[in-house]
Colleague: 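One structure coming up, written as structure tokens, with questions to follow.
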Protein chains: 2
Amino acid sequence: MQISDAEWVVMNLIWSSSPIEAAEVIDQIAADNGWSAATVKTMLHRLVRKGALATEQNGKKYVYTPAVRRDACVRQASRSFLDRVFGGEATPALIHFVKTAKLSDKDVKEIRAMLDKKTNRNEGEQG
Amino acid sequence: MQISDAEWVVMNLIWSSSPIEAAEVIDQIAADNGWSAATVKTMLHRLVRKGALATEQNGKKYVYTPAVRRDACVRQASRSFLDRVFGGEATPALIHFVKTAKLSDKDVKEIRAMLDKKTNRNEGEQG
DNA sequence: CGCAACCGTTTACACGTGTAATCTGTCAGC
DNA sequence: GCTGACAGATTACACGTGTAAACGGTTGCG
């Protein structure tokens, strides 16, 4: 299942605020992006049809919840990006991001700690 | 300028083998991807029209060269990916890739060295 | 019961993209 | 000069996507 650029905008809001009423999704996304309410409704409809969102009626209101996990979608989009730009290789992508990203000391520490874990796991596997 | 998924396939070959004759591009990409020669020709044409490729006639043969730098396109595609999936934030993307990538010890060392450089630069700036 | 609110549903259109067929201009060999 | 090779140029179509208007079913309030 492919989520388009504009659909990511909608999904990111719903992942972070689930469950959420349609009115809130429509108002917030329309305002933040300069889109009309009709545009947001189309996207909600397409995402439901794709199986990315579920909707349920609550009186006169409708409520949206994600029907797919964000981390699964992130993984798929990341894979697609790596395949397209880096021939599927993560290392050059990592190098690119480390080079170009503005990282705080805290960020650097966190990433370093994860790399340490990575190395320890490699050594464990070799053992 | 936006390079599509299929166009990345063509550009990656030409970036890595420039200058390259049309026949070679067409044969290699058609074979590697199960596309017809006509499909590859369409993509070459679109890339020239977009300004991503330049072509020059050499007798009866045509030669292609990139008209844009790979690193600039990588940067733009990376920016687009970060904006779409991670709200523009590089750190969560880095964390995601470190978590999911299969990294060799050599890779880990290289990335760690770059992080060290990053920290030193931060300290320099603060000084 | 009528009406407004909610917002789903349907429809529409332009553009980019994936895929490919066909036609045509130029070049080089016989 | 004719012909084949090279491959550019043009055309075509289906689909996804961005954007949005218009219509209609259901609910709840006065």
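Here is how names work: the chains are called A, B, and so on, in the same order as the sequence lines, proteins then strands, and each is numbered from 1.
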Colleague: Distance check needed: D:dC15 C1' versus A:E7 CD, whole Å only.
Modeller: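 Rounding to the nearest Å, CD of A:E7 and C1' of D:dC15 are 14 Å apart.
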Colleague: When only distance counts, do a donor and an acceptor, one from the side chain of A:R49 and one from the base of C:dT10, lie under 3.5 Å apart?
Modeller: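 Absent.
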Colleague: With the threshold set at 4.0 Å, does a side-chain nitrogen-carboxylate oxygen contact exist between A:D83 and A:R79?
Modeller: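 Answer for the salt bridge query: yes.
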Colleague: To the nearest 0.5 Å, tell me how far A:H96 NE2 sits from B:M114 CE.
Modeller: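 Rounded to the nearest 0.5 Å, the NE2-CE separation comes to 10.0 Å.
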Colleague: Kindly indicate whether the side chain of A:R84 and the base of C:dT17 share any N or O donor-acceptor pair separated by less than 3.5 Å?
Modeller: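 Checked by distance alone, the answer is no.
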Colleague: Distance check needed: D:dT11 C1' versus B:R46 CZ, whole Å only.
Modeller: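 Atom CZ in B:R46 sits about 11 Å away from atom C1' in D:dT11.
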Colleague: Which part of the nucleic acid, if any, lies within reach of A:A23 when heavy atoms closer than 4.0 Å are counted: base, sugar-phosphate only, or nothing?
Modeller: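 It contacts sugar-phosphate atoms only.
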Colleague: How is B:T39 classified with respect to the nucleic acid when contacts are heavy atoms under 4.0 Å: base, sugar-phosphate, or nothing?
Modeller: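 If one applies the 4.0 Å heavy-atom cut-off, B:T39 turns out to touch a base.
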Colleague: Taking the minimum atom-to-atom distance to the side chain of A:S4, which one of D:dG18, C:dT10, D:dA12 wins?
Modeller: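 In terms of side-chain proximity for A:S4, the closest of D:dG18, C:dT10, D:dA12 is D:dG18.
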Colleague: Within the 4.0 Å heavy-atom criterion, would you say B:T55 contacts the bases, only the backbone, or no part of the nucleic acid?
Modeller: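 No contact.
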Colleague: Using only atom types and a distance under 3.5 Å, with no angle test, would you say the side chain of B:S18 pairs donor to acceptor with the backbone of B:W15?
Modeller: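 No; zero donor-acceptor contacts below 3.5 Å.
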Colleague: Is any side-chain N or O of A:K61 closer than 4.0 Å to OP1 or OP2 of C:dG8?
Modeller: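 For A:K61, the contact criterion (side-chain N or O under 4.0 Å from OP1 or OP2 of C:dG8) is not met.
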Colleague: Which of these nucleotides, D:dA20, C:dA21, C:dG18, is closest to any side-chain atom of B:A38?
Modeller: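 For B:A38, the side-chain atoms sit closest to C:dA21.
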Colleague: Taking the minimum atom-to-atom distance to the side chain of B:Q57, which one of D:dG18, C:dC27, C:dT19 wins?
Modeller: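 The closest nucleotide is C:dC27.
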Colleague: Given atom CG of A:L53 and atom C1' of C:dG8, what is their separation to the nearest angstrom?
Modeller: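 Rounded to the whole Å, the gap is 14 Å.
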Colleague: If only side-chain N and O atoms of A:Y64 are considered, is one of them under 4.0 Å from the OP1 or OP2 phosphate oxygen of C:dG8?
Modeller: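 Yes, A:Y64 has a side-chain N/O under 4.0 Å of OP1/OP2 on C:dG8.
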Colleague: Pick the nucleotide of DNA chain D nearest each of A:Q2 and A:G59; which residue has the one closer to the 5' end?
Modeller: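 Mapping each residue to its closest nucleotide by heavy atoms, the 5'-most match is A:Q2.
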Colleague: Among D:dG18, C:dC7, D:dA7, which nucleotide sits nearest the side chain of A:Y62?
Modeller: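 For the A:Y62 side chain, the nearest candidate turns out to be C:dC7.
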Colleague: With the side chain of B:W35 defined as its heavy atoms from C-beta on, choose the nearest nucleotide among C:dT19, C:dA12, D:dG28.
Modeller: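 Among C:dT19, C:dA12, D:dG28, the one nearest the side chain of B:W35 is C:dT19.
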Colleague: Quick one: label A:K41 by what it contacts on the DNA or RNA (base, sugar-phosphate, nothing), any heavy atom closer than 4.0 Å.
Modeller: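 Here A:K41 touches the bases of the nucleic acid.
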Colleague: What's the closest nucleotide to the B:T42 side chain, out of D:dC6, D:dT10, C:dT26?
Modeller: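 Between D:dC6, D:dT10, C:dT26, the one nearest the side chain of B:T42 would be D:dT10.
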Colleague: When you measure from the side chain of A:K60, which nucleotide among C:dG8, D:dT27, C:dA28 comes out closest?
Modeller: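 Selected nucleotide: D:dT27.
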Colleague: Is the backbone of A:I20 close enough, under 3.5 Å, to the side chain of A:S17 for a donor and an acceptor to pair up by distance?
Modeller: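 Pair absent, no side-chain N/O of A:S17 close to backbone of A:I20.
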Colleague: What nucleotide among C:dA12, C:dT26, C:dC7 has an atom nearest to a side-chain atom of A:A22?
Modeller: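 Of the options given, the side chain of A:A22 lies nearest C:dC7.
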Colleague: Roughly how far, to the nearest 0.5 Å, is CD of A:E21 from CG of A:N58?
Modeller: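 These two atoms lie 7.0 Å from each other.
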Colleague: Hey, are the side chains of B:R70 and B:N12 touching, using non-hydrogen atoms and a 4.5 Å cut-off?
Modeller: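 SC-SC contact between B:R70 and B:N12 confirmed.
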Colleague: How many Å lie between CD1 on A:I3 and P on D:dT17, as a whole number?
Modeller: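 Going from A:I3 (CD1) to D:dT17 (P), I get 10 Å.
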Colleague: Atom CG of B:L44 and atom C1' of D:dA7: how far apart are they, to the nearest Å?
Modeller: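 That distance rounds to 10 Å.
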Colleague: Rounded to whole angstroms, how far apart are CG on B:N58 and C1' on C:dA28?
Modeller: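 In whole Å, C:dA28 C1' and B:N58 CG are 13 Å from each other.
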Colleague: Atom CH2 of A:W8 to atom C1' of D:dG18: distance rounded to whole Å?
Modeller: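 Interatomic distance, CH2 of A:W8 to C1' of D:dG18: 18 Å.
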Colleague: OP1 or OP2 of C:dG8 sitting under 4.0 Å from any side-chain N/O of A:H45?
Modeller: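 Checking A:H45 against C:dG8: no side-chain N or O falls below 4.0 Å of OP1 or OP2.
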Colleague: A:L47 has an atom CG; how far is it from atom C1' of D:dT17, in whole Å?
Modeller: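 After rounding, the gap between these two atoms is 12 Å.
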